[in-house]
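Have a look at the structure below before the remarks.
The basis for the numbers below is simple: all heavy atoms, side chains too, and nothing from hydrogens, waters or symmetry mates.
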Amino acid sequence: QVQLVESGGGLVQAGVSLRLTCAASGRTISTYAMGWFRQAPGKEREFVAGISWDAYSTYYADSAKGRFTISRDNAKNSVYLQMNSLTPEDTAVYYCATGPRATVSGELYAYDYWGQGTRVTVSS
């Protein structure tokens, strides 16, 4: 059974940084693309960042470009999201997702397993 567990969320003030971690089990993620999505209260889930199986390609939503960095450590079966210069608009539950494709995608349907999410709240 594939399981993704996100961690690293919390309540922070605007302008600070957070690093989210997604640890995978039940699947060796080294051959799959990974993605981060988020869902703010009352809004649909949206793409944040994605990374190809070999980390050669990364893809960011416009809202994340220049502030967020996605990375992966296949040896640790984990993916990370470094978030800098957080704003209240970044407040959401952040979800990690995996595969089945090897290439990065910003579409929800391109991922077949999801974590339970970690909440990020940014106060002004």
With L20 as partner, the option from I70, V79, L81 fulfilling side-chain contact (heavy atoms from CB on, under 4.5 Å) is L81
Is there a donor in the side chain of S105 and an acceptor in the side chain of E107, or the other way round, less than 3.5 Å apart? no
Check R72 against S52 and note the closest heavy-atom contact, atom names and distance. NH1-O, 2.8 Å
Flag the pair R45 / L108 as yes when at least one side-chain heavy-atom distance between them is below 4.5 Å, and no otherwise. yes
Evaluate the side-chain proximity of I29 to M34: yes if any heavy-atom separation is below 4.5 Å, no if none is. yes
I'd like to know whether S71 forms a side-chain contact (heavy atoms from CB on, under 4.5 Å) with Q82, so could you lay out the CA-CA distance, the side-chain angles of the two residues, the decisive distance to 0.1 Å, and finally the verdict. CA-CA 8 Å; S71 61; Q82 177 68 40; over 6 Å; no
Between OG1 of T58 and NZ of K65, what distance do you get to the nearest 0.5 Å? 10.0 Å
Value for OH (Y94) from CG (L18), rounded to nearest 0.5 Å, stands at 9.0 Å
Applying side-chain contact (heavy atoms from CB on, under 4.5 Å) to T121 and not counting sequence neighbours gives L11, T91, R119
Centroid-to-centroid, F37 to W114, below 6.0 Å? yes
Interatomic distance, OH@Y113 vs OG1@T98, rounded to 0.5 Å, equals 9.5 Å
If we ignore hydrogens and angles and just use 3.5 Å, is the side chain of E6 paired with the main-chain N or O of C22 as donor and acceptor? no
State which residues pass side-chain contact (heavy atoms from CB on, under 4.5 Å) with Y59; sequence neighbours excluded, sorted by chain then number. F47, V104
Minimum heavy-atom distance A102-A33, with the two atoms named: O-CB, 3.6 Å
Is there a side-chain contact between F68 and V48, using heavy atoms and a 4.5 Å cut-off? yes
Rounded distance (nearest 0.5 Å) linking atom OH of Y95 with atom CH2 of W36: 12.0 Å
Would you name the heavy atoms of A14 and S124 that are closest together and state the gap between them? CB-CA, 4.4 Å
If a pair satisfies salt bridge (Lys or Arg N to Asp or Glu O under 4.0 Å) and one of its residues is in residues 15-43, list it, with sequence neighbours excluded. R27-D112, R38-E46, R38-D90
Going hydrophobic residue to hydrophobic residue with side-chain gaps under 4.5 angstrom, can you get from Y111 over to L4? no
I'd like to check V93 versus T118 (side-chain heavy atoms, cut-off strictly below 4.5 Å). Are they in contact? no
May I ask you to check whether S78 and D73 show a side-chain donor-acceptor distance below 3.5 Å? no
With clusters defined by side-chain heavy atoms of hydrophobic residues (ILVMFWY) lying less than 4.5 Å apart, directly or transitively, does Y32 cluster with V2? no
Can you find a heavy atom in the side chain of Y60 that is under 4.5 Å from one in the side chain of T69? yes
Taking N77 for the side chain and G26 for the main chain, is one N or O donor matched with an acceptor at less than 3.5 Å? no
